[in-house]
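Reading through the structure tokens given below for one structure.
Everything quoted here is computed from the prediction, not taken from an experiment.
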Amino acid sequence: MKILIIGGTLFLGRHLVEAALAREHQVTLFNRGTTNPGLFPDVEHLHGDRDTDLAALSGRSWDAAIDTCGYLPRIVQKSAEFLARAIGLYVYVSSASVYADLNRNRIDESAPLNTLDDATTENVAENYGALKALCERAVQSTMPSRALIARAGLLVGPHDQTERFMYWVQRVKAGGEVLAPGKPGRRIQLIHARDMADWIVRMIESNRTGIYNVAGPASPLTMGELLEACRQATGSDAAFTWVAEAFLGERKVAPFSEMPLWLPEDSNGLLSLDLAKAIADGLSFRTLAETIADTMAWDKQRLLSGGMKPARLASGAATHAGISREREREFLNAWHTRPGVAARA
């Protein structure tokens, strides 16, 4: 099959290219040619700005297009309309952030979506989920029977420049007392980006359409299990101190950024999606141990090659996650000396 990937050189896109090539598909990349331009030298590269210049796509046809980097509805609409007669299937990589109510567990694909009072806004940093929902609508309105919408949960693994998962691998590896957020039994979800990429390629091969939550694993995973798996994988002497959510909230610890994979339990819907539909249609998962090992191997490789710069969102903000060791120690000291604890000691 011939597959066009819009983007394809950053995180999920890289895994999509590798998954498609592994299954002997013909891949074309369309992007500006500015991010990792030396990647995939044996793959066809077409360059252009999807907002202003789609000419490189003219006169061509593909079995499917995968849109990995659509954030603004008008731009996604433009891409979908331009490609409507050139492709069979449009795959739009969306986000679980589209859901309006993340205060409940097991959100399925029928749940209400975020909306905007001002549909013309293009402030991605403040309206990410609502804008992604409008991007979905743009694809579906253009190709109503030829759209596959993949609402991604937390993607992890090699090439993840946000480092939300990497933070925990590195911090546990360093050992010592580790601040762990909330309760060890709090449910979390994450999926190796390679698992999502493999599934998308298989869905294209089957010409499947529809809307899917895409996260993992198949069975419930807790934060305590994740940290213990990191400890076993790294062989560290880490000792976990579980700090109450209220304590973290009072000290303005930012969920998901300063404390990756932590969302307060009353708003943990982003990490507890209903995955039944995607699993029924073939979504499968590497083990947590494999995901940790892959992430560690990539981290070692990138450090040997000189590291990497932080990714940046449309807002311009760097996306590296995790608190500093100094700030962690400050919180741990405050936790151990909070009123009542010191008196009992």
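- Remark: K277 NZ is packed, more than 12 non-hydrogen atoms of other residues, nucleotides or ligands lying under 6.0 Å away.
- Looking at every heavy atom in both residues, K132 comes nearest to G70 through NZ-O, 3.1 Å.
- Below 30°, between 30° and 60°, or above 60°: for Y212 and W199 the angle between ring planes is above 60°, a perpendicular geometry.
- A distance-only check finds a donor-acceptor pair linking the side chain of E245 to the backbone of E265 [under 3.5 Å].
- For the pair R338 and E250, the salt-bridge criterion is not met [side-chain N within less than 4.0 Å of a carboxylate O].
- Inspection of the S272 and N105 side chains reveals an N or O donor paired with an N or O acceptor under 3.5 Å.
- Counting all heavy atoms, side chain and backbone alike, L227 lies closest to F240 at O-CZ, 3.5 Å.
- Judged by distance alone, with hydrogens and angles left aside, the side-chain atoms of R164 form no donor-acceptor pair with the main-chain N or O of A321 at under 3.5 Å.
- Both tests do not hold together for R171 against W168: distance to the six-membered ring centre under 6.0 Å, angle to the ring axis within 45°.
- Taking CZ of F40 as the reference point, atom CD1 of I5 lies at 8.0 Å (rounded to 0.5 Å).
- Aromatic ring pairs are classed by plane angle as parallel below 30°, tilted from 30° to 60° and perpendicular above 60°; the pair Y128 and Y71 is tilted.
- Residue R74 qualifies as enclosed at atom CZ: its count of foreign heavy atoms under 6.0 Å is above 12.
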Please assess R286 against D198 for the test salt bridge (charged side-chain N to carboxylate O under 4.0 Å, His left out), listing each intermediate value before the final yes or no.
CA-CA 11 Å; R286 287 164 172 79; D198 291 344; 3.6 Å; yes
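- At distances below 3.5 Å, not a single donor-acceptor pair connects side-chain atoms of S206 with backbone N or O atoms of M203.
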Might you work through the salt bridge (charged side-chain N to carboxylate O under 4.0 Å, His left out) test for E290 and R194, ending with a clear yes or no?
CA-CA 11 Å; E290 288 177 286; R194 287 186 176 127; over 6 Å; no
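- Atom CG of L10 is separated from atom NE2 of H15 by 10.0 Å, given to the nearest 0.5 angstrom.
- Between the side chains of E136 and Q140, not a single donor N or O lies within less than 3.5 Å of an accepting N or O.
- Side-chain contact check for D108 and S110: at least one donor-acceptor pair (N or O, by modelled atom type) lies under 3.5 Å.
- Under 4.0 Å is where a charged nitrogen must lie from a carboxylate oxygen, and between R329 and E326 no such pair does.
- When each of I66, I87, D63 is tested with I3 by the rule side-chain contact (heavy atoms from CB on, under 4.5 Å), just one qualifies, namely I66.
- Between the CD1 atom of I188 and the CZ atom of F165 there is a distance of 8.0 Å, given to the nearest 0.5 Å.
- Note that CZ of R187 is 13.5 Å distant from CG of L263, once rounded to the nearest 0.5 Å.
- For R151 (side chain) and E109 (main-chain N/O), a donor-acceptor pair under 3.5 Å exists by modelled atom type.
- Put simply, the side chain of N123 gets close to the backbone of E126: a donor and an acceptor are under 3.5 Å apart.
- The number of heavy atoms from other shown groups lying within 6.0 Å of CG (N333) is above 12.
- In this structure, R251 satisfies the cation-pi test against F247, with its NZ or CZ atom closer than 6.0 Å to the six-membered ring centre and inside 45 degrees of the ring normal.
- Counting only distance, with no hydrogens or angles, the side chain of D101 and the backbone of P112 share no donor-acceptor pair below 3.5 Å.
- With hydrogens and angles ignored, the 3.5 Å screen pairs a side-chain donor or acceptor of N114 with a backbone N or O of Y99.
- Looking at K78, its side chain does come within 3.5 Å of a backbone N or O of D51 through a donor-acceptor pair.
- N213 places a side-chain N or O within 3.5 Å of a backbone atom of D274 that can act as its donor or acceptor partner.
- A side-chain donor from one of W62 and T28 sits under 3.5 Å from a side-chain acceptor of the other.
- Sorted by first and then second residue, the salt bridge (Lys or Arg N to Asp or Glu O under 4.0 Å) pairs with a member in residues 4-23 read R23-E205; sequence neighbours excluded.
- By the neighbour-count criterion of 12 heavy atoms within 6.0 Å, atom CZ of R137 is sparsely surrounded, having that number or fewer from other residues, nucleotides or ligands.
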